[in-house]
Structures are given as C-alpha cells and as structure tokens.
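On a predicted model such as this, the values are computed, not experimentally measured, just so you know. Naming: A, B, ... by sequence-line order, numbering from 1 per chain.
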There are 4 protein chains.
Amino acid sequence: MRARDHGIVIGRVPPGAANAITDVAGVLVGHASPAPEQTGVTVVVPRADAWLEPAPAGTAVLNGAGELTGSLQIREWGCIETPIFLTGTPYVGAVYEAATRVLTERQPLIGVDDVIIPVVGECDPSAVVDVVGGARPDVALVAAALDGARSGTVAEGQVGAGIGMHCCDFAGGIGTASRLVGGYTVGVLLLVNFGDWEELRIGGRLAGVPAPTRGVDGSCIAVVATDAPLVASDLERLARRAFLGLARAGSYASHGSGEIAVAFTTANAALHARATEHPVVQIGVLRDPAALSALFAGCVEAAEEAVLNALLGARTLHGARGTAHAFPADRLSQ
Amino acid sequence: MRARDHGIVIGRVPPGAANAITDVAGVLVGHASPAPEQTGVTVVVPRADAWLEPAPAGTAVLNGAGELTGSLQIREWGCIETPIFLTGTPYVGAVYEAATRVLTERQPLIGVDDVIIPVVGECDPSAVVDVVGGARPDVALVAAALDGARSGTVAEGQVGAGIGMHCCDFAGGIGTASRLVGGYTVGVLLLVNFGDWEELRIGGRLAGVPAPTRGVDGSCIAVVATDAPLVASDLERLARRAFLGLARAGSYASHGSGEIAVAFTTANAALHARATEHPVVQIGVLRDPAALSALFAGCVEAAEEAVLNALLGARTLHGARGTAHAFPADRLSQ
Amino acid sequence: MRARDHGIVIGRVPPGAANAITDVAGVLVGHASPAPEQTGVTVVVPRADAWLEPAPAGTAVLNGAGELTGSLQIREWGCIETPIFLTGTPYVGAVYEAATRVLTERQPLIGVDDVIIPVVGECDPSAVVDVVGGARPDVALVAAALDGARSGTVAEGQVGAGIGMHCCDFAGGIGTASRLVGGYTVGVLLLVNFGDWEELRIGGRLAGVPAPTRGVDGSCIAVVATDAPLVASDLERLARRAFLGLARAGSYASHGSGEIAVAFTTANAALHARATEHPVVQIGVLRDPAALSALFAGCVEAAEEAVLNALLGARTLHGARGTAHAFPADRLSQ
Amino acid sequence: MRARDHGIVIGRVPPGAANAITDVAGVLVGHASPAPEQTGVTVVVPRADAWLEPAPAGTAVLNGAGELTGSLQIREWGCIETPIFLTGTPYVGAVYEAATRVLTERQPLIGVDDVIIPVVGECDPSAVVDVVGGARPDVALVAAALDGARSGTVAEGQVGAGIGMHCCDFAGGIGTASRLVGGYTVGVLLLVNFGDWEELRIGGRLAGVPAPTRGVDGSCIAVVATDAPLVASDLERLARRAFLGLARAGSYASHGSGEIAVAFTTANAALHARATEHPVVQIGVLRDPAALSALFAGCVEAAEEAVLNALLGARTLHGARGTAHAFPADRLSQ
C-alpha cells in the first residue's frame, strides 16, 4: 500500500505510470541486502554505461551531516559517471570499493586510461542494525544490486539500503514518486531516515501519532531524475527542490541529519561522452521559465509523496540492535 | 488580524511576546515609504552601531534570482556590519547609495579609515507600482526608516518595502513571527512576494481560494535573528531553514523567484568588533545538538507563520500599474 | 608603456592584437571620471544589449571582502544581463542607481515587463581620494562611460574606476591582457588595488622595490571574457583561474582584500535570450579537455600580465587624501 | 635533498624546525605501502582521538575533479573527526573501508552511539602503477600508516600515497613545508600529482627542463594545519590559500586535475568535543586582520615550497605501467 492507495494525494500534478523514479525512461533501480535484517544496497542506474556517457548532473545540500561521494566531481564537471549507490553509513567504504571493482571489471577502459569515482550516499541504521559485527556489502552484493536493477515498480520501505532506516521515528527506508510536467518526467527516489513523529505531516497535517521508539537523528538522500534537457547548473536547482518536499512532510533538517540530493537528466547524453570526435558538442537546453518552474514544482510534490511512500511502504523490522516500527496505517482514516 | 487571530497556529513551539523578529532583544524594525502606494524601505537593525560591532551572520540562497548586496562580505567575514535594508528591485541602487550616505554621516570613521557595504535586499513590485516614473527612495526616506525603527509590534503587509508585493497572487509584503526555544529566541521577518494561489497552503492545507489577478513571478527575502551564541557557519545553517517554512506555505521556488536569507545573532558582539585591543577574542558557542536542532525547527515554524502574517496583514493596494488584492479572510473558516 | 614594452613576457601563450579584453570580438571598454583625481567608472560591455541577450556567465570568489552586485543572479541563472560596472567602494550605490536609470531608459521593456539588477564591482580608493566629500558618479557619468566604450586599445592605470587604486603599494588601477588559445580568445581586465611591495613579483621574481607609502588593504576585481562556447559552470571555472594569475604577481589575498571574478562568453548568445519562440535552445558546448585546459592556462597568464600592465601603466596620482606613486620603471632593468 | 638544501628559498617567512606540517605541535604523519612500487597510504593525524575531539576545519576546492570524502560533513559542522588519509584514486573505497574498521575497533563508541565518515583524498597513479591488478590497501596497511605516524621529519616524494605520482611530468608525491607567523605555525602537506614540465616554476622562474615522459592530467590534495585559534569559516579561507602556492609553482588547475584542500587547527579542541557537559563552549578566536593576513601569506609560501620538496624529494620510480622520472637536480644550478 502506497500513499495514493490510502487516498492521500500530494499536490496537483499527475504522477507517471509507476509513480516512481523509473518513470524516467532508461532509469533502473535495484536492491540487494545480505539478509532481510541487514542493511544492503540500493542502486539507481542513470543509463547502461554512465562512465562512457556521463549524465548531466548537479547536487545540493540542505544539511551536510552525511556523505555523498563523488559530489566534488559532479559539481566540477557537471555530470555523473557512475550509478548512484545508497547504503548504510558504516558501509560507504565497502560499497565504494566493491563498486570500484565491479565497474572496473565491466568497463575495461577504467583503470587503464582513466579512473572512476563511484557515487555513494548513506544514512545511518545503527539504531536497528548491528553495523559493527554484521555482514558488510561486498562485490557480490553490489553486483547483485546492479544486475537486479529494473524499470517499472520499485520496492519501497525496508529494502536494500532502506533496511534499518526510520521515518519520523517509524520504519522508513526507500520511497519514490514521480510527476509528469509539460511533456517531461521528473522522478524522486529517497533513502528516508529523518525526523520526529511530532513533526510528521501527512498531506500537510500533523499526523499526531506517537511512535513507540525514537529513531536516529536524521538524514535523507534524495535522487532526482528527469528527461528534460537541462545542464548542470539547472540540475543543481532541481536537486535543491527535493528539500522543499521533505519540509512539507515534516523535515526541519536537524543538526545531525544529512539531507543531500543529486539530480541528473537522461537527456543530452552526448554532452559529456568520453568518446567523441568533436570538441564542441551540440545540445538542446530547456530555457522556458514556465517549464522550469513546473519541473521544480513537480519535484517538490514527488519528494513529499516519496517520504510518505517510504513511511507507508515500510514493514516493522526487528534488527540486532533495535526495532523500526511500521506506521499504523489504520490511523490514517482519522 | 494576524494568523493566530484567525485561530491558525503553526507548529508546536511558542512564539515570543510580539511574535515578531523584534522579540530578539535589541533588534529594531522600521518602515518608510514615499507614499502609501509607492514601494519604500523596511529596515532591520541588528544593533545600535553594527559597523563598530558587526553581528555574526550568515546567508543562504534557495533561488538566487534576486539581490542581497553585501552577501559576499557576510560570507567571507562571517558578520554583518550594517542594518538590513529591504526595498523594491529597481530601488536597490537608490537605497544602497542613500544608506551609504546616511551611515557615513552617522559614523565618522566610515570613509576615512574604512568603507561600508550596505546590505540591501529586494523584491519586484513592478506589477503594481510604477517603478520607472514613481518616487524613488532617497536619503531622507532611508533616514526616516532608520529613525523610526522600533522594538515591539511590527506593521505587516503593504508597508515600507512590502508595498506592491504579492503573496500567492494576493497582496503580500512584510510578515514576521518568532519562536522561544530553550532559553533563546529566533525571529523571522520576510519580504513576501512569491507564489501562486493554487499552491498556497494555510496550516498545511491547500487554501483553494482563487485570486482575482496574477502577481509577479516570485521572490522572498528572509531576515532571521536570534540571541543564541552562534558563529557564521551555524548562522548559514539557520538561514537555510527559513526556506523550509516557505515550502510549507506553498513555495516551490519558481525559476524567477529570488529566495534569499540572511541570519544574524545579537550574541557575541565582541567577536567582530572593530575597536579591540586583543587579537584573540573570547566567545561562547552553542554546540549542543539538541539546542541547535530546536533552533532550526523554531526557524522553520516562524518562517511559515510569517508568510501567513504577510498574507493576512496585507490590505488591498491599488497601485499605478495594478492592484494587489487582499486575501478574503472570511474564506478561512471554510 | 606596458609590461611587454619593458621586455617582460608572461607565460608561453601569444596575446591578441591589442593584448586586451577587447580582443574578444564584441567586447567594449569605457572609462569616465568626474575629475582626473576622482574615482569614476570603468565599464565592460559584453554585447550591445545584454538584457535582451544575456551572456552565459559565472563568478568566483577568492576572498569575498568586497562587492560584486548581481553575483547571486549570475550564479542562479548562469548568465549576465548587464554591462559590468567598476567603481570605488563608496560609489557602488550611486553607480548601481545610475546604471538602473540609464539602462531602463535605453531598454523600454525594463521596469514594465521585467526588472534589471546591474552588475557593479568595486575597490576602495579612500587612501587617496576624498570619498566622502568628493564628486560621486551619477547618471551622466555612467552614460558617458557606456557611450565611450570602445574596442581596441584600453587605457590602463589611473583611469575610470582605477583612479586612486594601488598595486602592491604603488599606483595601480586598470590593467588588461589577452591570450589566443586554440582558435579562441580569452581576455582579462582587472581593477587592481591589492598587495604589499614586499610581495610584488615581476616575471615571477620578487621585485624588491620599496614603495614610498602603504596602499590600502587590498582588493582586485577580475573580468574575464572569452568567445569559447561555454556554459555557466565552465565559466565559473574560468573565472577562478584569474586568481592564480594574481597569485603569481604576488597576491596572497589578505584578510581585507576583495578578490572577486566574473567571466562571460560572447558565444551562445541565444541561450538566455529573453525573446525566444523555442522553449529548448540549441547550443554548442566546448567539452574537449585539452581545449578547456588551454583556456584555463591562458586565463592565468593574462591575469598575471594584467596586474603588471596596471602597475606599469599607472601614473603618480595626487589625490585629496593621499598619493599613489607610480612604480619606478627604471628599476626594471635591475 | 629538499628545496632549501639546493639553495632555493621560497618567500620571506621563516619555516619551522622540521619545515614540515609536523611543526604544528601534535600533528603526526605516517606512510605505508604494499610495496615500494605500489601506491599506499599517507595519513595526517590532527590529534590522538579526533573522533572524541574533532578539530575545527574547513575545505576548499580549486578544481573538484577528484575526491575528498567527508567534505560535506566538514563543511556542515566545521570540524574534522578523523585522520586524513591520502591514497591512489582507485583505492579510495578500500582505504575508506579499512579506516572505518580500524577507527571503529579503536574507539568503542563508534558504531554503537554514532558513526564515522573517514576523510580520504586521492590522486591518480594509474600511469605508473597497476591499479587494477596490483595490491590494494587493506586494514593492515591503514593500521600500519596510523601506527607509524610520527612528528618531526616527514619522508617525501614517492612514499605512501605518493608512489606513482607526478609533479609537472617528473616524479612527485608527498611534499611538505611550514611557516612561523606571529607566534603561530602553519604547515602544509601535499600529495602532488599535477602539471606540465613547460609550466614548472622553481623560485618563480620557468624551469625549462623537458621531462622524458608525460604524467597524468593532474591533481593535488593539500592538507593545511595550524595552531592558530580559528573557526571553520576562517579555516576554509586558509585552505583556499594553498592553491595560490600551487599557482606560483606552475599549476593552472587543468580540466582533469583535482585541486582540493582541507585545513584544520589543533586549537579550540573543546569546541566540537563529543563529551561535553556545557551546551555553550568557550573558545578564543583570532580576529586580528594583520595576523590572519600573515597566516594566509605563510600558507601560500609553504604550499609553493611543498611542491618543490615533493619534486626534489622524489626518486625515479619504475612501476608496472610506467616510470616516474626524478627531476634532474643538477639542472638547478643553471
């Protein structure tokens, strides 16, 4: 059951077919975890070989108490050249190393003519999962997440990187949603791990449902995808709008919370292509102010709805160090 | 009538005595305008002589389609050394020049041993006001705003810089609110000129009240004041939270909208004082994570409420180029 | 006499015909001042009507203890829509206001359908010029600078905005240079007001020539122009390289110095054009790594040489408050 | 043999006892590598337990085509809570994972009450070292680098992370230098891997010594340490000055080069301490403009000299994929 299955409609713009980031054609999502109670990996794949054809991209930071590796390079070059890997905070290194090895194995030019800096984001599941003694993501797990990446419906809640995460003191994790705006699609996938139950807003109203336990202090990684022909500076702007959706769902970006966003477009694939014969690349750039504003508004709506989808899609999870309790959906009718 | 007078309570944190930025002790607000239908100046005074004792400060930008002069210096030095002047976009130069002259006249050291870079922010009233042919702010007007600056209750809506501004297609302008958090006060004053009526949220719910006309595309300058002992980097963080409050009231930061914030503290006055005998200055810095988070949450609430106070405090204004229509408050009961 | 006239050749890349920012086709430079000893205005014009066809642009800050109005909008939209006005710090408001009025008068759509935020940069001449009592730039002066803007040779040193400025304790002011790289041109114009004589490097070597007096503490505004087809994020990168040239001439960016740069391209004029029928604009973007690196290296060289041209082009100026002494060029042979 | 041993003196400020980053009391440096021809790890330790007492810190980016993990958190919180690990680009994940495990093992609170985000920077040695098939850094290697960290003299050139690196087409790697300014010390340690021999400047003059082969396109990670009592925003400023020293040695920050800096202070250890009873922490902050400017100038000098120490300290290294040739020091006399 997702937010719309409960009759909760966020905003005024229609969603795409799957109401997911995968509504942006070509974008795939995969999950893998060592065990159902052990935080794993969620991967968002911008295109088949992002290293050969990096996607124009931009990042934004609301509260940088977290990590998104590759941020500096995305900012400098205006593109992303790897899938986006999400995981638990203590596993960033393990996933980075595994991604380096898997991607190097699959693209023979890496490590010979050039290197790769994988993009890895995180939230902290240590209140629920044993992050010290438990199984750590490895090459096989990262490969499985990549190989399992699919278009269409996306599993939400306590899956992949979402295992052990909280949303406003209830179980959270992966959530996604999309919007169709002016012929383009914008999709958002979140790794939700922020908030207090007292601040949770459902459809703009304080939920007022006490949670049995406290989650950790924060964090939310947002991945925004679109097929609109944008360049890096506009993708930074789009990324920033995801935070406005979090705010509507109750985020105030607490001191320890890492609210970090990355946005990319599947359009203009030629712009950053490694193999090109022409020093000057021809592209189209969306400059219509109304179209840009509509994309921004759609991103805000999708981000807010993705939070609720993470909340309502998450099962109760009993981890080695604690429990993430599912939100009692029967309270929604009140 | 303000939001609370209509029974609208935003969030969970109590406001200060005036529910205004002036609840931060020492902070004054003044308004002046050439005529009731001509955009003037609103000034926020951090302390009596901010040039001699600059206030620790930071800025944030959600959408930089606007101007806040002095931003670069605030970012570099971590302090603000002038009052904050708000006005109409076409008057930034006039107010900057007038402020330079007034402040230089009042502080004999300026222009002799040192210079001053006034902080001037703006929104665009050109849909309502004749910004080409009409009266422009001058030295007398800026002096009047400074001399009229007061603590306590703040006039809202179509006053000072607020004249000619829209809030979600209705009349907007100046709005303010405050919160008391853990022994500290955080106050927000907004120059509101953003949004579409379709996006307006009152208490988190879409208002759904059509406006008779369209306002211009955007902008909102946020001034955040606190007495908590913070340094520049934390004030940047506080400033950023104001945008989350705008989002809850309906902002999605459209392409043409200038959402820019500046935050300062009245504490740690010695840190940037020009006249000091000691190369190393002793200060206290709030580092408690829970206290910082509470300040952030209070800022979000105050910003959301300040939008509604601007909306509900604004009269209908017939300008030389158009009309800003007051929000029909009788629709609130529905 | 410029640096090359003294046999000083900076770097390895050839300069353009005028060895000036005006070597970028279409770029004009104008100077005007109220009196030969009173700081005036220098204007760099990217194209005939930058408001109708804004130039792709980016900014960079090495030490933000200064002002470049319009910075936020350039950062957000990735373009510059006005000429770049340089002046003395206390005159930023006067020039901003005058520019607003002149540009509004010359482009009837401004103030009716839209507004303008002029780009004004500054350095502080208060050690030499009477900035309190002296003549202030006004509408006539700004119009004169614009109307006098020319291609070809650029007057350097104590002209326009350069009047009253220092370069490493000697007279400084306006300096310019250019480089031809891979079929493109990159030009730099500086308003030089930084440095200590002990740090001055000529051709990489400490000059070791004591100055008779101390200048003020710093600042240098850099304007970088190119005809290479870049987008905003790459123009930010190009702007940043200007600082490396300053460093080679002796800058360490002291606490009080405002090192701020803006770069624009005359290419891709359609990208930000206000009057367009197509929501998606077709452009070419230079992506060849070697070509980008060559542009960067050329910018560094041009910036270093522009410092020396400001130094060597400046006459001794006796102002109302002090004297800027010309560098003794006869010491160069040593 | 270091630069000064060859009679090359950079700048005017005296160095510390070891002319190394370790002149800042408490700062340790360690190197470890799997083999003399295989890139390893260099670690800079700010203090014994940086996780319990994070050091106030700031970062800066000249060209972000690289990686420094932890950058977002340093920017947000203004402190660094781990040692700084330097390595080869393809080993960032391996070192991050190893550091996570080693630091977690040594500090029992990590992973239980809180998590850690190690700071790992990189340059690309793939032109010399077999980064695909060769040995990768692991837990033992990272532990060895930490355990071997020492004060006093620092090994330079092709050691630790420096193995396989180039400096202007010659062998490069680790270089360090320090300056004593006004009672404080500022030290710089570089991982040097940038530049073209045509651009190399020694003592400000083009070296003009052709290299037998080409290095890779760039990168330089700079670590700046001081004992001056600064806060985060000033440490960002200090970090930025390192780039001015690189420029003087010949850097123009080519497109593919990752010039990234991090600065920290050993002072004000209480500011970010995890275990504190007081929500408001008392600190001293250096605000004297002249003292700050002197620190900046010292940092520029130390960075320039550290480049030359990396160049002159590096032996010829024959790697599995290529050779890094030592600079012919006998050419210096010319």
Under the 3.5 angstrom rule, does the side chain of C:Arg241 hit a backbone N or O of C:Arg237 as a donor-acceptor pair? yes
May I ask you to check whether over 12 heavy atoms, not counting those of D:Arg214, lie within 6.0 Å of atom CZ? yes
Residue part contacting chain D, namely of C:Leu62, when any heavy atom lies under 4.5 Å: both
Counting heavy-atom pairs under 4.5 angstrom with chain C, the leader among D:Ser293, D:Gly218, D:Ala294, D:Ala249 is D:Ser293
Taking every non-hydrogen pair under 4.5 Å, which of C:Gly64, C:Ser251, C:Ala60 racks up the most with chain D? C:Ser251
For C:Asn63, which atoms come within 4.5 Å of any heavy atom of chain D: side chain, backbone, both, or neither? both
Residue, of D:Ser254, D:Ala290, D:Gly11, D:Gly245, that accumulates the most heavy atom pairs under 4.5 Å with chain C: D:Ser254
Using non-hydrogen atoms and a 4.5 Å limit, figure out which bit of C:Arg248 sits close to chain D: side chain, backbone, both or neither. both
Counting heavy-atom pairs under 4.5 Å with chain C, the top scorer among D:Ala297, D:Cys299, D:Gly203 is D:Ala297
Looking only at atom types and distance, does a side-chain atom of C:Arg179 sit under 3.5 Å from a main-chain N or O of C:Leu295, one as donor and one as acceptor? no
Does the distance from a Lys or Arg side-chain N to an Asp or Glu carboxylate O, for D:Arg4 and D:Glu305, drop under 4.0 Å? yes
Are the charged groups of C:Arg12 and D:Glu199 less than 4.0 angstrom apart, N to O? yes
Does the distance from a Lys or Arg side-chain N to an Asp or Glu carboxylate O, for C:Asp5 and C:Arg2, drop under 4.0 Å? no
